[in-house]
Amino acid sequence: MVAKGQKRKLHGEDEGGGSAWESQLQSVLDISMDKFHRDQALVEPCLLRSVLINNTLRQVQSEVRAQVESLSAVNIPTKLKPEPDFPQLSPPAEHNAPLFSANAENTEDEFMAWTSEEDFSLSSAISAILKDLDTVIDAGQGPCASQRAPLSSLENLTQYPLRTERTSDIASSIKTEVMSPGCPQDGALDKFLLDIDASVFEPEVNLLQGFSVTADDLVKYLPSLSKSPSASSSSSLVSHSQATWEIQELEHVMDILMRTYPQS
Amino acid sequence: MAGVGGGNDFQWCFSQVKGAIDEDVAEADIISTVEFNYSGELLATGDKGGRVVIFQREQESKNRPLSRGEYNVYSTFQSHEPEFDYLKSLEIEEKINKIRWLPQQNAAHFLLSANDKTIKLWKISERDKRAEGYNLKDEDGRLRDQFRITTLRVPVLMPMDLMVEASPRRIFANAHTYHINSISVNSDYETYLSADDLRINLWHLEITDRSFNIVDIKPANMEELTEVITAAECHPHQCNVFVYSSSKGTIRLCDMRSAALCDRHSKFFEEPEDPSSRSFFSEIISSISDVKFSHSGRYMMTRDYLSVKVWDLNMENRPVETYQVHEYLRSKLCSLYENDCIFDKFECCWSGSDSAIMTGSYNNFFRMFDRNTRRDITLEASRENSKPRAMLKPRKVCTGGKRKKDEISVDSLDFNKKILHTAWHPKENVIAVAATNNLYIFQDKIN
């Protein structure tokens, strides 16, 4: 199950190559999302676990983006505008060699063998995954203060009589820190998504080829509207605004879905 | 390593098993740490219920030559209780994460036990005499009527049944925001360090209201956190040196003489990644779950998910030895990620002479590697092999193709039976292996 890059063969010969990578990616994404959500629900999740899962999610995100970039670059150069620089997802010098860089090169070489339909389906599916990731990650960063994000500060040093010799940033440690696992600036992401020309999602193109993401799958990634807040009244007010915000997000995603997967 | 005999091969035999036989394992009984003391006379275990059980080795006697050095219960006490942090609405588990013995300096024994937040220093002492003949009170403790006291007498010490008492002498609390993963006694026998996910503190054994923070990797913005501390240990001889490992597979060696705050390491140990084996799980499986110095102090050993590596402290760019523990799991990483087994934290340990190393695996298997002969062996801790002095049969995992007799296939492994904690007697070839709620003790037949 190691996700080694598989050389994409000529269309018709081995369609399993690309979809094997996709299914691997999808599995890792599904599992990571599930764990991420479960950890969000805990009052005090394990920090090591959270960091490892978040790093895995970041890695999935960067792999998907690398694929989108490579596909978009050869896809329809005239239609797609140049993409903006991606902000660093991880601290400098942390980013390892992309997992599928070799695969991307092969993809470019053999691009002409692919039909344009498959590329549309792949890039739109990958964009959908990206959108899911960011929607979920944004949900984790929501304004609800009663829900503790896994990496938020647990400190409250001034409450204890213990004196530690190093008292750096006690003041900064008191304010609540909300974690967003690898989510870049929202503005840059929105800009990227807007740059993808909407004509890519023409309804007459068969976009269901080669990818198994359904509307249900995408919806399940969205923040749960039925999540019950804690009993305090202040947090119920906060969760109400969060629910409103979530409904707006849901509508936005549903719009995209309606355009990409036309009603039969 | 076993069976052929001769040379330095070990022949491991079953000695004892401690713990309940029930199929239903109470969560509180799950052993969470195992540690021999400096002489090997005492063996301590901690469990998820916050209890510490100490076993003492029987003196060898001519009357029973066959029961050579059995370990029997010496003391049991409740070290930590569950707590509730009202400020943060968090429950603090009573599970004992680590036990470390102090070197013995008088008749009493001392150990440090740590849960997620608090470290306690326990004194274990024996009482085998009792004073009798008090002037002011009767033998049952009642005060005597004063007008009945007509003479003075000196109380006499009389022998009594041995009583082992454990009393908490120090409580080191409120110094860790995150969960404590390691404690390590320094070679100066005055200080010790405690490490949590983001910080390492240095304590003096006599002082409980203050600790010195020597490593802090918490970023100013928690969103930038990508790496945590997973283990730390003091050097066995140089009291100014310690190491700590990270979730990214790196080890940093720090010298406390160079700066008061050891955020900058003196040495940085990391093996370059093999690009051909890179996967989504590369980082997770590179996370180091345990780091241990050799007794000599020249080497250190690290355990990550699939392997054990021995490092020479003088060479930072790669380990000198790498041993595969269960490479057959590499193709199963996605499933192991899904069922959380990939996050299991296995420990490792050195033999007394540093010639062999041991670590645990799944299905109640544990692995031993002889560093000189490069031979390795897989053994199993199970009730089936628990006849007294029965020699352990080597086990083998079949990775594909035809499964031979006595082999077990990868898909039949029981991932709920994991051996995370093992310990090796400091002087003899006696090992203690914790299998969920049971403690197995094996001895080398040659001795």
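Order of the sequence lines fixes the chain letters, A, B, ..., with proteins taken first and strands second; residue numbering starts at 1 for each chain. Both backbone and side-chain heavy atoms feed into the values below; hydrogens, waters and symmetry mates do not.
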Smallest separation among heavy atoms of [X] and [Y], with atom names:
| X | Y | result |
| --- | --- | --- |
| A:Val51 | B:Glu227 | CG1-N, 3.9 Å |
| B:Ser247 | A:Leu52 | O-CD2, 4.0 Å |
| B:Thr226 | A:Arg58 | CG2-NH1, 3.0 Å |
| B:Phe280 | A:Thr56 | O-CG2, 4.1 Å |
| B:Glu338 | A:Lys35 | O-NZ, 3.1 Å |

Working to the nearest 0.5 Å, report the span between CE of B:Met222 and CG of A:Leu47. 5.5 Å

Measuring from A:Arg49:CZ to B:Ser287:OG, what's the distance to the nearest 0.5 Å? 13.0 Å

Heavy-atom side-chain proximity of A:Leu48 to B:Tyr178 below 4.5 angstrom: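 A side-chain contact is absent here, since even the closest heavy-atom pair is not under 4.5 Å.
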
Is the shortest heavy-atom distance from the side chain of A:Ser50 to the side chain of B:Leu225 under 4.5 Å?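 Side-chain contact under 4.5 Å: no.
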
Part of [X] within contact of chain A (heavy atom distance under 4.5 Å):
| X | answer |
| --- | --- |
| B:Asp340 | both |
| B:Tyr337 | both |
| B:Ile229 | neither |
| B:Ser282 | neither |

Is it true that, when you exclude B:Lys345 itself, more than 12 heavy atoms of the residues, nucleotides or ligands shown sit nearer than 6.0 Å to its NZ?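 No, the 6.0 Å shell around NZ holds no more than 12 heavy atoms from other groups.
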
B:Phe84 CZ: over 12 foreign heavy atoms closer than 6.0 Å: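 Check passes, neighbour count above 12.
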
Listed by chain and number, what are the side chain to side chain contact (heavy atoms under 4.5 Å, CB included) partners of B:Leu420, not counting sequence neighbours?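 By the side chain to side chain contact (heavy atoms under 4.5 Å, CB included) rule, B:Leu420 matches B:Asp344, B:Phe346, B:Lys418.
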
